Amino acid sequence: MRKNIVAGNWKMNTTVPEGVELAKAVNEAVKNEQLKCDVILGVPFTHLTAVKQVIDINKVGLAAENCADHNSGAYTGEVSAPMVASTGANYVILGHSERRGYYNESNQMLKTKVDLALEAGLKVIFCCGESLEEREAGKVQDVIKQEISESLFHLSNEQWANIVIAYEPIWAIGTGKTATSDQAQEVHAFIRKLIAERFGDELASNTTILYGGSCKPSNAKELFAKPDIDGGLIGGASLKAQDFMGIVTAF
Ligand code: PEP
């Protein structure tokens, strides 16, 4: 049975003290709840160690938002997967459209990052998604297939068990424009079919596929009710504990 997950992506927001307060509030809110999903906080590198200290890692997972495509060495300013793992984080978000777009992360580079993250013992939340231009040109499936296959389809079945997919249409991220639940379901079903073709039906059925893009308490329930939508990757609404919990409890 696949897991439902709601993961926050704080992006480049909050100072360390602010992030610690937010993490404490989420941890407090989930502590005594019997939730129907796993909860993960994706936080800036600078926050990982401090946030790890205020969460119960058995209840709240911890993700970095990126890692380097090298393990160590003369790469000033970079943070490697083993460094992330050494903070106690158990996940890393890779392939976010902001990283692909602003920092030119290619499918090939992401393939390397995925390998290093898995080697370091991290689970990977791998993002994919089309731009509005690509959607309007009827290229959604081509884009998704290329992103997923070029960065992930070299993995073994054992490795695949540590991959979570996040479908994030770029036009819906931070814009207030959510994909309709039918639009999202259509792409999620396509992703699951792709996975089944490569890794078989059982692994495909066990893969968690998250939706991301202006997900909020008011639309989470409808999105999560779809058969292939197993939770959300949440940007803006993860910055307020109450909004984030409104999405967590939509399951
Ligand atoms: C994201 O950036 O991963 C995201 C889904 O952002 P938002 O929820 O703000 O659209």
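In listed order, ligands and their atoms are each counted from 1. FYI, side chains are in, hydrogens and waters are out, and symmetry mates aren't considered; it's all heavy atoms of this structure. Computed from a predicted structure; not experimentally measured.
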Shortest protein contact, atom 2 (O) of ligand 1 (heavy atom only): Lys11 NZ, 2.5 Å
Quick one: salt bridge (charged side-chain N to carboxylate O under 4.0 Å, His left out) partners of Glu168, sequence neighbours excluded? none
Consider every N or O of Ser214 and every N or O of ligand 1, then say whether any pair is closer than 3.5 Å. yes
Residues Leu94 and Ala117: closest non-hydrogen pair is CD1-CB, 4.3 Å
Quick one: look up the protein heavy atom nearest atom 1 (C) of ligand 1 and list residue, atom name and how far away it is. His96 NE2, 3.2 Å
CD1 of Ile191 to NZ of Lys145, rounded to nearest 0.5 Å, is 13.0 Å
Nearest 0.5 angstrom please: Ile5 CD1 to Ile234 CD1, how far? 11.5 Å
Looking at ligand 1, does any of its N/O atoms fall within less than 3.5 Å of an N/O of Ile173? no
In this structure, atom 3 (O) of ligand 1 is nearest to the protein heavy atom Glu168 OE2, 2.7 Å
I need the nearest protein heavy-atom contact for atom 9 (O) of ligand 1: residue, atom name and distance, please. Gly236 N, 2.8 Å
With sequence neighbours excluded, residues passing salt bridge (charged side-chain N to carboxylate O under 4.0 Å, His left out) with Lys59: none
Which of the numbered atoms in ligand 1 are below 4.0 angstrom from a heavy atom of Asn9? 1 (C), 2 (O), 3 (O)
Gly212 heavy atoms within 4.0 Å reach ligand 1 at atoms 5 (C)
Please identify which atoms of ligand 1 are closer than 4.0 Å to at least one heavy atom of Gly174. 7 (P), 9 (O), 10 (O)
Test side chain to side chain contact (heavy atoms under 4.5 Å, CB included) on Arg100 and Ile170 and set out the steps. CA-CA 11 Å; Arg100 292 175 187 268; Ile170 298 169; over 6 Å; no
Compare every heavy atom of Gln183 with every heavy atom of Trp171, then report the nearest pair and how far apart it is. CH2-OE1, 3.8 Å
Is the number of heavy atoms from other residues, nucleotides or ligands under 6.0 Å of Gln242 CD greater than 12? no
Would you please determine whether Gly213 falls within less than 4.0 Å of ligand 1 on a heavy-atom basis? yes
Please list the nearest protein heavy atom to atom 4 (C) of ligand 1 with its residue and the distance rounded to 0.1 Å. Gly235 N, 3.5 Å
Classify the angle between the aromatic ring planes of Tyr211 and His188 as parallel (below 30°), tilted (30 to 60°) or perpendicular (above 60°). tilted
Tell me whether Ser238 reaches ligand 1 (any heavy atom closer than 4.0 angstrom to a ligand atom). no
For ligand 1, which atoms, with element, lie under 4.0 Å from some heavy atom of Ala172? 10 (O)
Can you confirm, on distance only, whether ligand 1 has an N/O atom lying under 3.5 Å from any N/O atom belonging to Ile234? no
